[in-house]
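Beneath this line is the structure, given in structure tokens, with notes to follow.
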Amino acid sequence: MLQKPVQSLAWVYPNVDSEWIKKIIREFNIHPVTAQVLAARGFESLDEIHNFLYAKLPDLHDPHLFPDMDKAIIRIAQALKHKEHILVYGDNDVDGITAAALLTDFFTFIGAKVFYYVPNRNALKQSVMVDAIDYALKNQCKLLITVDCGITAATEIESAVSNHIDVIVTDHHEPTDKLPHCIATLNPKLVSSTYPNRELTGVGVAFKLAHAMTNALIASGEIGSGKVDLKRYLDLVALGTISDMGSLVGENRILVRYGLRQLRKTRRIGLSKLFSICDLKLGEITTIDIASKVAPRLNSLGRIDEPRKGVELLLLRDPILAENLAKELDLNNIERQKIERRDAEDIELLLQKNPSLLQGKAIVIHSENWHPGIIPIITARISKQYNRPTVVIAIDQGLGKGSIRTIPEFPLLPILKETSDLLENYGGHDFAAGLTIRAENIQAFKERFIAAANYKLSEQDVITKLRLDSKISFNDLTFDFMESLNLLEPFGHENPAPVFYCPVKQTWPPKIVGKIHLKLYLEQNDRLLEGIGFGMANRKQELTRKNLHLNIAFTPQINNFLNKSSIQLHIRDVKITSSAKNGSKEPESS
């Protein structure tokens, strides 16, 4: 596995506006530290904070704010009326799988004849939509609806239209210059879009289509207002949004908050069996559980097996079949982990032997030895470790499949457009994208990509930063305070768990646990707390000294062990300060 390098993080301290914090405390009657967290997150009005803390399902945006929504609804209504076959075509990650399952389930419920298709992308085909068109023709589908994909598939969609298949695109990826010619395009990132939430995921857009279709059927009197309970689809919306690192603010936050409630009581047999395989308690599912345990197993299908099985698992009603399929996903995940370890070790060796690869402000590496389905995981890890835009390309038979991750200061789509003459195709977001490239063009792409990063990024940009929310005292770390932090959940992308900081004394040398983690024993104001630094075992030597004073950055957690609850600190970083008796000096702000 790639080892986390020992490096000093730049701590970014929060601004403290005492008067604003007092206003927040008075208005919402919350803990002063929680109020400081809200201030640190950039909230500028009480209304903003109220909407963040207390927004409910009725506050979701009207789906008809999508400009093409009425066109999509009219065409689907026509398909229902004439009993046309509909094909739902989804991307092969969790976002695409959940979106495909959602629309398949919904259309089946309202009486449509619906099929679904999810491609296996490991064959490194330049286009994966051709097989879907063949599948649509074979099953006499007159309408094809894409989910979590399609916005960059203008040529393939032209082929579908020429075969007398109407197409509705629902997607959330950034569009390229050429938009598909189809019945309707639902994408909050279109320049012409008037939809207020640009950060909807693919499954979020699919849910909006189901919502609008429900409204239309009720308005026409074809179904009663109580027949379709849209809340039953929010478990899929939460699962896809969390797995795709959707922004957990605004409307997405509402969808995920209520979606977690549905997940905790889900009636989807396949999901409950999968949770059981993951050793998760159904009523206690969290965003971390989804991201770290459930999503990898579902994603393993798209990486090394048939992602279609993911949709099947989410739709199954037979408990025996569901359990067998959940076990298969678990075995796939174990195999995926083996392949990932192999390729990660190979990449680590490559970086060690070729330090020049790390000299620029971007990293671009390629090989014929790496599995194309695994590289997105490794790319994300390298980009995070070195805080640099990173491209990892797996080559097969002269064609490379690349995964790209980046940092906020270097959005991807402008540079991908600039280098598009070297690419077969590309797509994604400004901060996570993919590409296909011929092997002979990789070197030229590498040179231009790194040159662009070197030109745009400063040394400060590529220093790994740790953003802090508030200073805190051990005396504040009570169970009541931990309860107040629940107001800020669900945590995830753009709404991370708060990071606090404070000076402490180390009472005992740290201990390595689980081979790579570090347990610390910390004291402040006569109160002792334990901290766990995940992946920080390589820092044991520098911390093994007597009477050591530290500044720690951490996220507090409740640890339940043997029916006893305690507060434990998830250590994010440690800075050694003086050994003076009166405590430690706070480091300079970065």
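All residue numbers in this chain count up from 1 along the given sequence.
You'll find the side chain of L179 reaches within 4.5 Å of the side chain of I151, heavy atoms only. At a threshold of 4.5 Å between non-hydrogen side-chain atoms, the residues L520 and I571 count as touching. Residues T152 and H173 form no side-chain contact, since every pair of their non-hydrogen atoms from C-beta on lies 4.5 Å or further apart. Residues V205 and L209 are not in side-chain contact: their nearest non-hydrogen atoms beyond the backbone lie 4.5 Å or more apart. At a threshold of 4.5 Å between non-hydrogen side-chain atoms, the residues Y13 and Y501 count as touching. Annotation: side chain of L190 is in contact with side chain of P175 (closest heavy-atom distance under 4.5 Å). For the pair L351 and L358, the minimum side-chain heavy-atom distance is below 4.5 Å. Contact annotation: the side chain of M245 never approaches that of E494 to less than 4.5 Å [non-hydrogen atoms, C-beta and beyond].
The pair E542-R539 meets the salt-bridge criterion, with a side-chain N (NZ, NE, NH1 or NH2) lying under 4.0 Å from an Asp/Glu carboxylate O. A salt bridge links E340 with R381: the closest approach of a Lys/Arg side-chain nitrogen to an acidic carboxylate oxygen falls below 4.0 angstrom. Using a cutoff of 4.0 Å between basic side-chain nitrogens and carboxylate oxygens, E424 and R438 are scored as salt-bridged. Remark: R448 engages D421 in a salt bridge, criterion side-chain N to carboxylate O under 4.0 Å. Between R308 and E312 there is no salt bridge, since no side-chain nitrogen of the basic residue lies less than 4.0 Å from a carboxylate oxygen of the acidic one. Between E328 and K309, at least one side-chain N (NZ, or NE/NH1/NH2) sits under 4.0 Å from a carboxylate O, which counts as a salt bridge.
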(request) Before giving the answer on side chain to side chain contact (heavy atoms under 4.5 Å, CB included), spell out for V147 and D91 the whole-Å C-alpha distance, their side-chain angles and the decisive distance to 0.1 Å. (result) CA-CA 7 Å; V147 288; D91 198 4; over 6 Å; no
(request) Walk me through it: do L271 and D235 pass the test side chain to side chain contact (heavy atoms under 4.5 Å, CB included)? (result) CA-CA 10 Å; L271 259 185; D235 54 353; 4.3 Å; yes
(request) Begin from the C-alpha positions of L255 and L200 and carry the test side chain to side chain contact (heavy atoms under 4.5 Å, CB included) through to its verdict. (result) CA-CA 10 Å; L255 291 168; L200 269 180; 4.0 Å; yes
(message) Checking L274 against L280 for the side chain to side chain contact (heavy atoms under 4.5 Å, CB included) test, could you report, in this order, the C-alpha distance in whole Å, the side-chain angles of both residues, the deciding distance, and whether it holds?
(response) CA-CA 9 Å; L274 184 57; L280 297 176; over 6 Å; no
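Q541 CD: 12 or fewer foreign heavy atoms inside a 6.0 Å radius.
The closest donor-acceptor contact from the side chain of D430 to the backbone of L413 lies under 3.5 Å. No donor-acceptor pair closer than 3.5 Å links the side chain of D346 to the backbone N or O of R342. Put simply, the side chain of S193 never gets that close to the backbone of K189: no donor and acceptor are under 3.5 Å apart. Here the side chain of N454 pairs no donor or acceptor atom with the backbone of G360 at under 3.5 angstrom. The backbone N or O of T185 sits less than 3.5 Å from a side-chain atom of D68, completing a donor-acceptor pair. The backbone N or O of E489 sits less than 3.5 Å from a side-chain atom of R253, completing a donor-acceptor pair. Using modelled atom types, one side-chain atom of T287 and one backbone atom of F491 make a donor-acceptor pair closer than 3.5 Å. In this structure a side-chain-to-backbone donor-acceptor pair under 3.5 Å is present from K465 to Q460. No donor-acceptor pair closer than 3.5 Å links the side chain of S243 to the backbone N or O of G240. Between the K384 side chain and the T379 main chain, no donor and acceptor come within less than 3.5 Å of each other.
R467 pairs by the salt bridge (Lys or Arg N to Asp or Glu O under 4.0 Å) definition with nothing, not counting sequence neighbours. Here K273 pairs with E323 under the salt bridge (Lys or Arg N to Asp or Glu O under 4.0 Å) rule; sequence neighbours left out. Residues that satisfy the side-chain contact (heavy atoms from CB on, under 4.5 Å) test with L315, not counting sequence neighbours, are A101, T104, D105, Y116, V311. Residues meeting the side-chain hydrogen bond (donor to acceptor under 3.5 Å, both in side chains) test with T241, sequence neighbours left out: T201.
Rounded to the nearest 0.5 Å, atoms CD (Q337) and CZ (R297) are 7.0 Å apart. To the nearest 0.5 Å, atom CD1 of residue I133 and atom OG of residue S159 are 4.0 Å apart. We find the CD1-CG distance between I404 and L416 to be 4.5 Å, quoted to the nearest 0.5 Å. In this structure, CD1 in I393 is found 9.5 Å from NZ in K446, a value given to the nearest 0.5 Å.
Remark: aromatic rings of F207 and Y233 are distant, center separation not under 6.0 Å. Taking the six-membered ring where the residue is Trp, the centroids of F410 and F449 are separated by under 6.0 Å. The six-membered or imidazole ring of H570 lies away from that of F554, with a centre-to-centre distance of 6.0 Å or more.
Side-chain contact annotation: D95 with H172, donor-acceptor N/O pair under 3.5 Å present. Of the N and O atoms on the side chains of R388 and S383, not one donor lies less than 3.5 Å from an acceptor on the other residue. Side chains of N299 and R336: no donor on one and acceptor on the other come within 3.5 Å. If you check the side chains of N252 and N197, you find a donor sitting under 3.5 Å from an acceptor.
Each salt bridge (Lys or Arg N to Asp or Glu O under 4.0 Å) pair with one or both residues in residues 354-364, not counting sequence neighbours, appears once here: K361-E459. Listed by first and then second residue, the salt bridge (Lys or Arg N to Asp or Glu O under 4.0 Å) pairs involving residues 198-208 are E174-R198, K208-E251 (not counting sequence neighbours).
Exactly one residue among D396, I395, V392 makes a side chain to side chain contact (heavy atoms under 4.5 Å, CB included) with W370. That residue is V392.
Between F66 and Y195, the ring planes are parallel. Angles under 30° get that label, and only those over 60° would be called perpendicular.
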